[in-house]
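Notes follow the structure.
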Amino acid sequence: MIGFLVRRILGAALVVGGVVILVFMLIHFTPGDPVQVMLGESATPADQAALRHALGLDRPLPVQLVAYFDNLAHLRLGTSLYSQQPIATILARRIPATAELAGAAALVAVLLAFPLGVIAAVHKDTGWDYGSMGFALLGVSIPNFWMGPLLILCFSVWLGWFPVSGREGFASLVLPAVTLGTAMAAILSRMVRSSLLEVLGEDYVRTARAKGLSERRVILHHGLRNALLPVITMLGLQLGTLLGGAVITELVFSWPGVGQLLIDAIHRRDYPVVQACVLLISVTYVVVNMLTDFVYAWVDPRVRAAGRGA
Amino acid sequence: MGRAVWPAAALSALLWLGGCTPGTPAARAAAPVPLRFALAQAPITLDPRYATDAVSSRIDRLLYRSLVRFDAAARPVPELAHWRELSPTRWRFRLGMRGRRFQDGERLTSADVRATYESILDPATGSPLRDTLVRVAGIRHIETPNPDTVVFVLAHPNALLPGYLTVGILPARLIAAGHHFDHAPVGSGPFAFVAWPEQNRLILRRRRDGQVFDFLTVRGPTVRVLKLLRGEVDMLQNNLPPELVRYLARRPGIRVERRPGTNVTYLGFNLRDPVTGRLAVRRAIAHAIDRRTIIRYMLGGAARPANSILPPGHWAGDPDLHGYAYDPALARRLLRAAGFGPGHPVHITYKTSSDPSSVRLATLIQYELGRVGIGVRVQSYDWGTFYGDIKAGRFQMYSLSWVGIKSPDIFRYAFYSKSIPPLGANRGHFDSPVADRLIDAAGASQNLAVKARDYRALQVYLLKELPYLPLWFEGQVFAARNDIRGYHLAPDGNYDGLETTRRVAAPAAAAGGRP
């Protein structure tokens, strides 16, 4: 198990390193000059050169890359070109909002997806199945920019149960979490259904039934537990995406998360902020997937064994 | 832990997360009822030395006082100081009694004024205002003979100097200490900073009566309107499509106010391009666009046609300018006379940002130009790419707006032959000895009346030559719940009206409601 963990961590570190280099290069080869962004289009060449020197942007690219790695190692992410605030401070204000929304959306998704998926699998080809999967299809088909305003109109404006937007307490979290979670639940519930259907046809399930176990126990203990593996993978991937910032939902609900910050920074050509956001999203994705692998290995000993054999 | 405990633990964690966010219901109940103002964009910085976007500048006006502000005709008027021109290159500013106390209780003196401007002039600060103050305004150095007097010494005479001294004044000792004004501003303005707990929420306190204001950023115009209807915000200003303005105007419990604005929308042309560089083509375009119909239907009447980038009410503006009438037949004739026709059609690429209203405008103009035989290909880009292309001169035709123009020096910045980027904003490479001479003459004069005359002559010439086609001055719109009173809309869209805004009834009495 320890060997498995070490291999995964080393692999993740390599991926993160690659992402850092890629992001750095992409930003530097993208048209646009951060110095001109800071000083305005009419700054004199002398002023531009002075600021470029002060920022270290006149040094060779490899030297800048090494300096960038050194800064990252010391958790120095730089300063926003526009607001002049340290990027670490800006991110520190955004990450809790994004984590909060991602966690709540994942919870909504799990709470919806498992019952729907199990009902659909157990009552295959019945009205329950079609109803559950129809709901799932609806969830995945309605885009968030439409679902969000629809929920606002219904639950905020007509019924007055939740705030329209913003981040002020638990009530304001419900609608964005449902908007995001419903789409995620749609994908997960289909996964639960197909995985459970496959497992329910296995010999050991027939054996469990032959032993006289109750159907509930057969499904939950022998079926669902074994059907979880692909669902965990999918959940991990989805959670990684959510933690990277759900841009549309954040925009609709004025949720002050990382996604909205990234979009703003791209519009303004605030390169250091774009760089930090992309890096954060990549690292989050890699870490969440690594954790998913650990959970996967913990749940299924065959994965660990395969890892040893590889 | 038993199985049943997991859902409860998850729910508790969720409730805890929700409860940890700023402004919980309990906290709100204990705090005084704030007035909530919805913004379409959050301010980027609260340090006036770096503010270049409209929202930051408008918030900074509330937090800081400057030496000078502008009246309705964009004439500089005293705010912190009265001034006197000692010589063409020496200007004395004497601080008055008003607005001399910073938020932290310290008194504002000439040393603070000097420190503020010197920090902007210092290249190490990286202020985007430096170039204007050094090169255009001509500030060489600043003297402070006593705590109430500041003398600006210029490198060249500039009769418009006071109009450049509108930067909010910061405390000198905090500048020296490297204080972060961007997120902890300390000014002597009518409002004091309270907190900026999230990018989407800024809290200020009105100093005269302690009234708290929440500035909430809500991007989507529809969501902003729904929040107003629900009573989650008390007021909002601009950035609404006309259909939403009309919708709001019909809602009970909501009051909508409009007034003419000064921000001008225009079409810019690349004069080095073989097609848009031809005057006949530019004039044909001017005659082909039905501005009054666009204003009426697309903008809901909330604009007035423009014939110059300066509004007619500006001290150097020209109310007697006559623009190009809508005349598609004349447009076709002009194109034919220039050698264009079915065998030699005109094709123009029109660049714009991806903002929905800009794209809508581009589509309309595409249709109108198509009717006179000008084929238009619309290319919309995200703001950064679009603006980068415009600055680099990679365009044939584009639309943009000038926001908050006060000084007629804008003509030198935008139309002088030597103001090609990066030395200015002459992005279309307009190169006219006549325009240069008029700009030089207006700049050299120390008499404002003479300056105004020269600038009016220049505007007549620019309208004839059409390096820009001015389209309209956008109107200002303000919507508020009925219990909000005392807000005065400014022509340039500033938020100064909040100094007198008040709630006349308890929020519970205000109309809620189903739209």
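So you know, we letter chains A, B, ... as the sequences are listed, proteins then strands, and number each from 1.
- Shown here for Glu232(B) and Val164(A), the closest heavy-atom pair between the two residues is OE2-N, 2.6 Å.
- From Trp255(A), atom CH2 reaches atom CD of Glu198(B) across 8.0 Å, with rounding to the nearest 0.5 Å.
- With rounding to the nearest 0.5 Å, the separation of CG in Leu229(B) from OG in Ser156(A) is 12.0 Å.
- The number of heavy atoms from other shown groups lying within 6.0 Å of CZ (Arg217(A)) does not exceed 12.
- With a threshold of 4.5 angstrom between heavy atoms, Pro149(A) does not approach chain B through any atom at all.
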Task: Arg219(B)/Gln260(A) under side-chain contact (heavy atoms from CB on, under 4.5 Å): CA gap, chis, key distance, verdict - done: CA-CA 10 Å; Arg219(B) 292 300 188 78; Gln260(A) 206 179 108; 4.2 Å; yes
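- The contact between Thr385(B) and chain A is made by backbone and side chain atoms together, counting heavy-atom distances below 4.5 Å.
- Of the inter-residue distances, the one linking Glu168(A) atom CD with Asp214(B) atom CG reads 7.0 Å to the nearest 0.5 angstrom.
- Atom OG of Ser254(A) and atom CZ of Arg224(B) lie 8.5 Å apart (nearest 0.5 Å).
- Contacts of Gln199(B) with chain A are made by both backbone and side-chain atoms, with heavy-atom separations under 4.5 Å.
- Within the model, atoms OG1 of Thr222(B) and CD1 of Ile152(A) stand 9.0 Å from one another, a figure rounded to the nearest 0.5 Å.
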| query | Checking side-chain contact (heavy atoms from CB on, under 4.5 Å) for the pair Gln85(A)/His180(B): CA distance, chi angles, key distance, verdict? | reply | CA-CA 8 Å; Gln85(A) 288 185 44; His180(B) 289 285; over 6 Å; no
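- Between the OG atom of Ser165(A) and the CG atom of Leu226(B) there is a distance of 9.0 Å, given to the nearest 0.5 Å.
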